[in-house]
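Below is one structure; the comments refer to it alone.
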Amino acid sequence: MSAAPAALPAESAEHPDPGPELGLLLVPPKARTGWRLVPARVGAMCAVELQKLRHDRTELYTRAVQPALWLLIFGETFTRLKAIPTGGTPYLDYLAPGIIAQSAMFTAIFYGIMIIWERDSGVLTKLLVTPTPRAALVTGKAFAAGVKAVVQAAVVVVLAAVLGVGMTANPLRLLGVAVAVVLGSAFFSCLSMTIAGIVLTRDRLMGIGQAITMPLFFGSNALYPVDLMPGWLQAVSRANPLSYQVDALRGLLIGTPSHLALDFGVLALATGLGIAAASGLLGRLAR
Amino acid sequence: MTEQEQPAVRCRELAYSFHRGRGKGPVVRAVDGVDLEVRPGEVFGLLGPNGAGKTTTIRVITTLLPTVRGMVEVFGHDCVAERTEVRRLLGYVPQALSADAGLTGRENVALFARVFDVPRAERAARVAQALAAVDLTEAADRMAGTYSGGMVRRLELAQALVSAPRLLVLDEPTIGLDPIARAGVWERVEAVRRATGMTVLVTTHYMDEADRHCDRIALMDRGRIRALGTPEELKARVRAEDPARQAPTLDDVFRHFSGRALTDDAKEGEFSDVRRTRRTASRVG
Ligand SMILES: Nc1ncnc2c1ncn2[C@@H]1O[C@H](COP(=O)(O)OP(=O)(O)O)[C@@H](O)[C@H]1O
Ligand SMILES: [Mg+2]
């Protein structure tokens, strides 16, 4: 059997226009193996997400509208009402971390729609035919959602600062805030991708996303302390990763008493489970 | 056999069925026992009307669908057991236009350089060469959303080429394009193949393209390969078997081997397919 003809530079003599230099396209890149594969893929996905944000910032601005309204209207009003006991913290300060977490969750919970869109358009299909394990692809997408959420959270933080919320300026604590935002978004985007892998269509995912965002939001400590809730809602809140995210953000940003080790532990565990579930179901989207 | 001597693609009794309506509905035998071998370095055309099973075959070869019945190998690597190895050898352009409209052409190609582990030091140069190979150097820093259908196809070609694949898989690369854009796509494919010697597996339902650009073709209909050979061999068989047709076109060849015209009942499918491609194109563009 004849071997594949290698590059034939001699052929350029027959063709008057040898065309552009293609030398590099003859050598396959050396495969990355081992533990460096996943971080490399995650980096690639995050880079793409940032590039997209750089090209089109409108999403960033439009997504800032809702948290702004929450802080301005809900926050200012309830600060005056003093209806919610926050242990001495001004209500607006108490609310700000909750709104940061909420706005990140609202974005992440619809991330699966993008996955379905990418499936329909062939973008995802093509990525599935690259040497990228499903789990690495999902992790990459999850952290890309996280990176996007951090940029968005920064907008809300600035907004809150403008409204006079007293927040930390300690870089280490702010780094912790970024990590909490990334983990929370990673989890909720995995939840969304998992649902996408089950329902497979955009409309159904939209419906489910809309149905679960409000319960997740109100069934958390984002707006009010857990102690105020009826017992059953407290149980919901305790199973809700959003509560742990808010607790961490509040502790780091405002300095309220919090359980950072538990919070980050739960968020990391939830993200891990989310990645496992979503990557198990990702193949269904390709069929 | 070394990898060099292996056929680029080998399918044995490949079959794939879809279940309509959540496993309760009728079973569609999309691919129904396909045997074929693509030789290294050739342009192999999988030709058939819409619904023939071309895309399904391609999706099994590209590891997107699990091989449930039969065997598929790419350069001797099993498409199930050695999925990752197979993926490293493949450049794949799916049927729907699949460039990311929210990125520039260059960023679209760079993503694929990254996921194929092109080292950072070499990335920019390699991406530039891939873009040059498809004649998109000038448009490289424009958003892919502003590209025409033909340009998107060439961009996808660059995405597939940047990893130096041994086997380039193109699923209906010219569907929904005007004749000039079609010619442009083929011209780039041929130039790249001349320069790199890579194997090309292409599906199409345009007879004239298969006749002009493929070294060998397989005629596919209703999930089966009806005939396989060079266009000339197939025509010669028709001439020998059907005295009434002494100057057969590939359309005649298809009718001879499958018992029906390529275009008759393909029309409806073709329209919906074109519509689908257009929809994607407008979403991209
Ligand atoms: N995801 C799917 N679910 C159910 N049926 C499918 C699916 N994909 C393809 N089919 C069916 O399989 C057959 C072959 O389709 P396909 O491989 O796309 O053909 P071609 O690419 O030659 O037009 C068709 O009858 C088509 O309707
Ligand atoms: Mg097809």
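Here is the naming used below: chain letters follow the sequence lines, and residue numbers restart at 1 for every chain. Note: hydrogens, waters and symmetry copies are ignored here, and every other heavy atom, side chains too, is used.
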Less than 4.5 Å to any heavy atom of chain B: does that hold for the side chain of [X], its backbone, both, or neither?
X	value
A/Leu37	side chain
A/Arg54	side chain
A/Arg32	both

Query raised in the report: Taking only heavy atoms into account, what residues of residues 106-117 of chain B are found under 4.5 Å from chain A?
Result: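 Under the 4.5 Å heavy-atom cut-off, B/Glu107, B/Leu111, B/Phe112, B/Arg114, B/Val115, B/Phe116, B/Asp117 qualify.
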
Looking at [X] and [Y], would you say the former's side chain and the latter's main chain have a donor-acceptor pair under 3.5 Å?
X	Y	answer
A/Thr271	A/Leu183	yes
B/Arg166	B/Leu89	no
A/Thr130	A/Lys126	no
A/Ser192	A/Ile109	yes
B/Tyr147	B/Ala139	yes
B/Gln129	A/Leu24	yes
B/Arg10	B/Leu36	no

Side chain, backbone, both or neither: which part of [X] has an atom under 4.5 Å from a heavy atom of chain A?
X	result
B/Arg83	neither
B/Gln159	side chain
B/Pro165	neither
B/Thr104	both
B/Leu65	side chain

Requested in this report: Establish, for the pair B/Arg69 and B/Tyr16, whether the NZ or CZ atom is under 6.0 angstrom from the six-membered ring centre and no further than 45 degrees off its axis.
Outcome: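 Relative to the ring axis of B/Tyr16, which defines the angle, B/Arg69 lies outside at least one limit.
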
Do we see a donor-acceptor contact under 3.5 Å between the side chains of [X] and [Y]?
X	Y	answer
B/Arg216	B/Thr230	no
B/Glu156	B/Ser98	yes
A/Gln66	A/Ser103	no

Query raised in the report: Take atom CZ in A/Arg134; do more than 12 heavy atoms of anything else shown fall under 6.0 Å from it?
Result: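 More than 12 within 6.0 Å, yes.
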
Looking at chain A, which one of [options] has the largest number of heavy-atom pairs inside 4.5 Å, strictly under?
options	result
B/Ala130, B/Ala128, B/Ala8	B/Ala130
B/Val169, B/Val192, B/Val86, B/Thr62	B/Thr62
B/Val162, B/Val93, B/Leu90, B/Leu64	B/Leu64

Count the heavy-atom pairs under 4.5 Å between each of [options] and chain B, then report the option with the highest count.
options	answer
A/Asp56, A/Leu124, A/Leu137, A/Leu127	A/Leu127
A/Glu118, A/Arg36, A/His55, A/Lys52	A/His55
A/Val129, A/Val27, A/Val48	A/Val129

Report task. Answer yes or no: is there an ion pair linking B/Arg87 with B/Glu82, defined by an N-O contact shorter than 4.0 Å? Result ->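 Judged by the 4.0 Å cut-off on N to carboxylate O distance, B/Arg87 and B/Glu82 do not form a salt bridge.
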
